[in-house]
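Small disclaimer: the values here were computed from a predicted structure and weren't measured.
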Amino acid sequence: MRGGLLIRQVHHWAANLFMIAICAHMLRHFFLGSYRKPRDVNWLIGIVIFAAALVEGLFGYSLPDDQLSGAGLRIFEGVLQGIPIIGTYVAYFLFGGPTRGRTSCPGCTSRTC
């Protein structure tokens, strides 16, 4: 596609700028103390939006099925397994077993997995 790399790079840098803007905005409100009442609900909504942006970034990062996204998913699985008590259960529920096993990749053969 003509100009595809340009569009991909603009999307990449815009996503990075979006996360930087969210962090700067939340830090400004944190240091100014505007997270206190009566704006405490707005602060919580901002935290939820920030968490949603992080999750969307992880999902977008793992869309192209290459080594970089596989490494990101393995790191995410390790972080989940590091959560005390419930971490292994959550990781097993999300990944269905090993990250690159027969349950998470049904079409895999012994050569490709």
Side-chain angles (χ1 to χ4, degrees):
M1 182 177 141
R2 179 172 267 188
L5 184 60
L6 175 68
I7 292 172
R8 186 175 182 178
Q9 290 299 316
V10 167
H11 182 268
H12 169 79
W13 288 106
N16 286 340
L17 185 64
F18 177 66
M19 294 305 295
I20 290 170
I22 289 176
C23 288
H25 179 73
M26 292 189 73
L27 284 172
R28 178 179 66 115
H29 283 283
F30 177 75
F31 287 121
L32 291 178
S34 59
Y35 60 89
R36 297 186 188 114
K37 285 193 186 258
R39 296 182 188 101
D40 55 344
V41 176
N42 288 344
W43 175 258
L44 294 176
I45 291 171
I47 289 175
V48 169
I49 291 173
F50 179 65
L54 285 176
V55 169
E56 290 294 324
L58 175 68
F59 290 159
Y61 188 77
S62 63
L63 275 177
D65 193 23
D66 56 1
Q67 283 187 327
L68 191 62
S69 65
L73 287 175
R74 282 190 295 278
I75 290 170
F76 179 62
E77 183 186 25
V79 168
L80 282 178
Q81 288 178 348
I83 298 172
I85 300 170
I86 63 167
T88 54
Y89 299 112
V90 171
Y92 187 81
F93 173 74
L94 287 178
F95 291 102
T99 304
R100 285 286 188 176
R102 299 224 184 265
T103 56
S104 62
C105 185
C108 291
T109 63
S110 61
R111 278 188 336 186
T112 60
C113 287

Practice item. Taking the side chain as every heavy atom from C-beta outward, state whether D66 and S69 have any pair of such atoms under 4.5 Å apart. Key: yes

Exercise for review: Under the side-chain contact (heavy atoms from CB on, under 4.5 Å) rule, collect the residues that match up with Y89, sequence neighbours excluded.
Suggested key: none

**Study point:** Residue pair F76 / F95: nearest heavy atoms and the distance that separates them
**Key:** CD2-CZ, 3.8 Å

Review point. Among the clusters formed by ILVMFWY side chains lying less than 4.5 Å apart, do L94 and I85 turn up in the same one?
Key: yes

Practice item. Kindly indicate whether the side chain of V90, heavy atoms from C-beta on, has any atom under 4.5 Å from the side chain of I83. Key: no

Point to revise | Spatial distance of atom CG (L54) from atom CE (M19) [nearest 0.5 Å] | key: 4.0 Å

Check your understanding: Taking a hydrophobic cluster as the set of Ile, Leu, Val, Met, Phe, Trp and Tyr residues connected by side-chain heavy atoms closer than 4.5 Å, whether directly or through intermediates, do Y61 and L73 fall within one such cluster?
Key -> no

Throw together a table of side-chain donor-acceptor distances under 3.5 angstrom for residues 36-52, partners on residues two or more places apart or in other chains.
none

Review point. Atom CD1 in I86, atom CD in Q81: separation rounded to 0.5 Å?
Key: 13.0 Å

Check your understanding: From H25 NE2 over to I22 CD1, what is the distance, rounded to the nearest 0.5 angstrom?
Key -> 9.0 Å

Review point. Do the side chains of W13 and L68 join up, straight or via other hydrophobic residues, at under 4.5 Å, putting them in one cluster?
Key: no

Check your understanding: Can you tell me if NE2 on H11 sees more than 12 non-hydrogen neighbours from other groups inside 6.0 Å?
Key -> no

Review point. What distance separates L80 CG from I75 CD1, expressed to the nearest 0.5 Å?
Key: 12.5 Å

**Study point:** Nearest-0.5 Å distance that lies between atom CZ in R74 and atom CD in Q67
**Key:** 8.0 Å

Check your understanding: Can you tell me if CG on L27 sees more than 12 non-hydrogen neighbours from other groups inside 6.0 Å?
Key -> yes

